[in-house]
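All remarks here apply to the structure that follows.
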Amino acid sequence: QVQLVESGGGLVQAGDSLKLSCAASGRTFNNYAMSWFRQAPGKEREFVAGISWTGGTAEYGDSVRGRVIISRDKIANMVILDMNSLKPEDTAVYYCAAASGPIQTLAYRYRFWGKGTLVTVSS
């Protein structure tokens, strides 16, 4: 059974940093891009960052570019999202997702999803 399990969410203050982790199990995600999405109450799911299978290519959403870094550990089958200079508008549930092939920025292209981890940024 494929599982993506996110961790690292919590309550932080504006300007703080936070690291989210996604542990993948149940299969080997060869040739799968791994990404982070987020969804705030009443809003659509938004692409945050994605990384290629090799780790050589990364893409970032406009709202977080310059403040987050995505990385992956293929041996440990983990994806990490380092977030800095957090803002209240970053408050959302953050989801890890896997898609076959190159990085995709549209949520419907992702086959596997975690259950999410809540990040709350207070002002």
Side-chain angles (χ1 to χ4, degrees):
Q1 182 180 359
V2 175
Q3 277 192 316
L4 299 176
V5 180
E6 303 92 340
S7 61
L11 174 63
V12 297
Q13 293 186 332
D16 284 353
S17 299
L18 200 62
K19 182 171 78 172
L20 304 183
S21 299
C22 172
S25 63
R27 65 170 293 150
T28 301
F29 287 90
N30 289 335
N31 297 319
Y32 273 70
M34 301 292 292
S35 294
W36 288 92
F37 285 77
R38 68 185 183 185
Q39 189 165 19
K43 295 189 177 181
E44 294 187 354
R45 197 162 291 193
E46 174 191 16
F47 175 78
V48 176
I51 190 166
S52 63
W53 158 244
T54 64
T57 303
E59 293 187 23
Y60 297 94
D62 291 340
S63 60
V64 300
R65 188 175 290 112
R67 298 189 295 118
V68 306
I69 297 175
I70 187 171
S71 59
R72 73 186 297 170
D73 182 338
K74 290 189 289 182
I75 295 176
N77 233 3
M78 293 192 69
V79 180
I80 306 297
L81 186 71
D82 283 294
M83 302 190 294
N84 303 294
S85 302
L86 284 164
K87 305 174 182 179
E89 50 263 43
D90 293 320
T91 296
V93 178
Y94 284 70
Y95 297 92
C96 178
S100 177
I103 300 168
Q104 305 286 344
T105 60
L106 299 175
Y108 76 89
R109 294 187 179 273
Y110 284 77
R111 178 180 178 185
F112 301 108
W113 289 87
K115 294 183 179 180
T117 185
L118 177 62
V119 173
T120 303
V121 185
S122 64
S123 56

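Quick caveat: nothing in here was measured; it's all calculated off a predicted structure.
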Atom pair [atom1] ([X]) and [atom2] ([Y]), whose distance is rounded to the nearest 0.5 Å:
X: Asn84; Y: Ile69; atom1: CG; atom2: CD1; result: 6.5 Å
X: Asp16; Y: Asp90; atom1: CG; atom2: CG; result: 11.5 Å
X: Ser52; Y: Arg72; atom1: OG; atom2: CZ; result: 7.0 Å
X: Gln3; Y: Asn77; atom1: CD; atom2: CG; result: 12.0 Å
X: Ile51; Y: Trp36; atom1: CD1; atom2: CH2; result: 12.0 Å

Find out whether [X] and [Y] are in side-chain contact, i.e. whether some heavy atom of one side chain is under 4.5 Å from a heavy atom of the other.
X: Ser7; Y: Thr117; value: no
X: Arg111; Y: Ser100; value: no
X: Arg67; Y: Tyr60; value: no
X: Tyr95; Y: Gln39; value: yes
X: Val79; Y: Ile70; value: yes
X: Leu118; Y: Thr120; value: yes

* To do: Sort out for me which residue in Val119, Val12, Val48 forms a side chain to side chain contact (heavy atoms under 4.5 Å, CB included) with Met83.
  =>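 When side chain to side chain contact (heavy atoms under 4.5 Å, CB included) is applied between Met83 and each of Val119, Val12, Val48, only Val119 qualifies.
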* Would you kindly confirm whether Val64 and Ile103 end up in one hydrophobic cluster when ILVMFWY residues are joined by side chain heavy atoms under 4.5 Å apart? =>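 As far as the 4.5 Å side-chain criterion goes, Ile103 and Val64 are not connected within one cluster.
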* Treating Ile, Leu, Val, Met, Phe, Trp and Tyr as nodes and any side-chain heavy-atom pair under 4.5 angstrom as an edge, say whether Leu86 and Val68 lie in one connected cluster. =>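 Yes.
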Please find the pair of heavy atoms, one from [X] and one from [Y], that lie closest to each other, and give the distance.
X: Tyr94; Y: Leu81; result: CD2-CD2, 4.4 Å
X: Ala14; Y: Pro88; result: CB-CD, 4.1 Å
X: Leu4; Y: Cys96; result: CD1-O, 3.7 Å
X: Glu6; Y: Gly114; result: OE2-CA, 3.1 Å
X: Phe47; Y: Tyr110; result: CE1-OH, 4.4 Å
X: Ser17; Y: Ser85; result: OG-N, 4.4 Å

* Asked: Going by the angle between their ring planes, with limits at 30° and 60°, are Tyr32 and Phe112 parallel, tilted or perpendicular?
  ->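 Rings of Tyr32 and Phe112: tilted, 30 to 60°.
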* To do: Test side-chain contact (heavy atoms from CB on, under 4.5 Å) on Gln104 and Ser35 and set out the steps.
  => CA-CA 8 Å; Gln104 305 286 344; Ser35 294; over 6 Å; no
* Among Glu89, Lys87, Arg38, the one residue meeting side chain to side chain donor-acceptor pair (under 3.5 Å) with Ser63 ->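 That would be Arg38.
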